[in-house]
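Right, one structure below, let's go through it.
Naming: A, B, ... by sequence-line order, numbering from 1 per chain. If you're wondering where the values come from, they're calculated on a predicted model, not measured in any experiment. Quick note: numbers below take in every heavy atom, side chains included, and nothing from hydrogens, waters or symmetry partners.
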Number of protein chains: 2
Amino acid sequence: MEPATTRRDYERELRQAGIRITKPRKVILQILTGSEDHPDAMAIFRRAVKIDASISLATVYRTMKLLEGLGAVHRHAFEGGPARFEHADGAHHDHLIDLDTGKVIEFHSETIERLQQQIADELGYDIEHHRLELYGRKRR
Amino acid sequence: MEPATTRRDYERELRQAGIRITKPRKVILQILTGSEDHPDAMAIFRRAVKIDASISLATVYRTMKLLEGLGAVHRHAFEGGPARFEHADGAHHDHLIDLDTGKVIEFHSETIERLQQQIADELGYDIEHHRLELYGRKRR
DNA sequence: AATGCAAATGCAAATCGTTTGCAACTGGAT
DNA sequence: ATCCAGTTGCAAACGATTTGCATTTGCATT
Ligand SMILES: [Mn+2]
Ligand SMILES: [Mn+2]
Ligand SMILES: [Zn+2]
Ligand SMILES: [Zn+2]
């Protein structure tokens, strides 16, 4: 049977956007698509250095900005820390951040999404994007 | 008739929290309670200097942190810019940011709030606080 | 396979928003 | 009026991110 979703081919996408596939970009894309967490630039950099020791942090930042512009990654600015990233594969979701562990849990509510639309409608706005973050602690 | 809501007396609150009412704090509180917008530290500083030319930006930052800790102000980290503040008087609300003008529009949905609770419940979490920001443009 | 050149890189320095060390200065309790 | 811990202004430090620039590299062209 077929996989439920086809994985995006980011290198193809970059190429057809007229952007060069360089070694650092290959490495960073590989890290991004191979991770299911939300690493920050420094974490991506550390992982990248293991694959290609010559990569610089500046290039990680430049690449994240490039990929964000192409819609290939999402940037999150959770409270307190540096920006964190995730590949833009997969469906939209929002985040619950565990204040004790820093763990990020993904969730999605179609109802909330609809209500957001409705609110924007009533205010005469079109939503470009939004951000819903819940900060909490495990109940015990 | 009485006003619908009684305005908080921040100076009293500070005093009873064992915190000194200094001149810079008076000025900053006056600015905060007298504003209905969401100024950043530099904007607060500029307004403060007009009232007392000796105030420093460092004190604005220190005071904002102090007031935030006391629950007297809320800090927002909207996309792109520096942190912005508003006094914590009034009821909870979320924000719609106009991407063209930077204008911040407040809204509230009891239904969304309830759904957030429900989601956290199902994930076994207690929400400490949350952040819902809509970024959009005026429909035309 | 060699050439050419704009695009991309690494490095270090710069920038931005925010925080902090420290000596001088109050607020407010006595 | 005195006292002293809390608070201030200043400048320097900070962490995250961006940028200038000389060098390297992808890749389109021969
Ligand atoms: Mn996610
Ligand atoms: Mn508000
Ligand atoms: Zn959402
Ligand atoms: Zn809310």
**Study point:** Nearest-Å distance for atom pair CD/C1', residues B:Glu11 and C:dG28
**Key:** 14 Å

Practice item. Check whether more than 12 heavy atoms from other residues, nucleotides or ligands sit under 6.0 Å from atom CZ of A:Arg12, and answer yes or no. Key: no

Exercise for review: Give a yes/no answer on whether the side chain of B:Thr22 brings an N or O atom under 4.0 Å of OP1 or OP2 in D:dG6.
Suggested key: no

Study note, to complete from the structure: In whole angstroms, the gap separating P of C:dA7 from CG of A:Leu66 amounts to 13 Å

Practice item. Calculate the interatomic distance between B:Leu57 atom CG and D:dT7 atom P; express it in whole Å. Key: 19 Å

**Study point:** Given D:dT7, C:dG10, C:dG28, the nucleotide with the shortest approach to the side chain of B:Ile21
**Key:** C:dG28

Review point. Can you tell me how far P of D:dC27 sits from CG of A:Leu14, to the nearest Å?
Key: 10 Å

Check your understanding: Judged by modelled atom types alone, do A:Glu133 and A:His95 share a side-chain donor-acceptor pair under 3.5 Å?
Key -> no

Review point. Between C:dT18 and B:Tyr61, is there an OP1 or OP2 to side-chain N/O distance shorter than 4.0 Å?
Key: yes

**Study point:** Value in whole Å for how far the P atom of D:dT25 lies from CG of A:Asp52
**Key:** 10 Å

Review point. Nearest of D:dT7, C:dT18, C:dG10 to any side-chain atom of A:Pro24?
Key: C:dG10

Exercise for review: Indicate whether OP1 or OP2 belonging to D:dT17 is found under 4.0 Å from a side-chain N or O atom of A:Lys65.
Suggested key: no

**Study point:** Interatomic distance where NZ belongs to A:Lys26 and C1' belongs to D:dT25 [whole Å]
**Key:** 12 Å

**Study point:** Base-pairing assignment for D:dT30 (Watson-Crick or G-U wobble, both under 3.5 Å)
**Key:** C:dA1

Revision key, fill the gap. Regarding the side chain of A:Thr59, the nearest nucleotide among D:dT17, C:dG27, C:dG10 is C:dG10

**Study point:** Centroid-centroid distance, A:His92 to A:His74, less than 6.0 Å
**Key:** no

**Study point:** Pair of N/O donor and acceptor under 3.5 Å linking D:dA5 base with B:Arg20 side chain
**Key:** yes

**Study point:** Residue pair B:Asp100, B:Arg137: steps toward the salt bridge (charged side-chain N to carboxylate O under 4.0 Å, His left out) verdict
**Key:** CA-CA 6 Å; B:Asp100 293 318; B:Arg137 301 180 199 284; 2.7 Å; yes

Point to revise | Candidates D:dC27, D:dT17, D:dT7 - which lies nearest the side chain of B:Ile19 | key: D:dT7

Practice item. Could you say whether B:Arg25 or B:Ala58 is positioned toward the 5' end of DNA chain D, judged by the nucleotide with the nearest heavy atom to each? Key: B:Arg25

Point to revise | Mate of D:dT18 where both pairing distances stay under 3.5 Å, Watson-Crick or G-U | key: C:dA13

Check your understanding: Nearest-Å distance, CZ (B:Phe45) to C1' (D:dT8)?
Key -> 13 Å

Review point. Within a strict 4.5 Å, meaning less than it, do heavy atoms of the A:Thr22 and A:Thr63 side chains meet?
Key: no

Study note, to complete from the structure: To the nearest angstrom, the NZ-P distance between B:Lys23 and C:dA24 comes to 21 Å

Exercise for review: Have a look at A:Arg62 and say if it touches a base, only the backbone sugar-phosphate, or nothing, with a 4.0 Å heavy-atom cut-off.
Suggested key: base

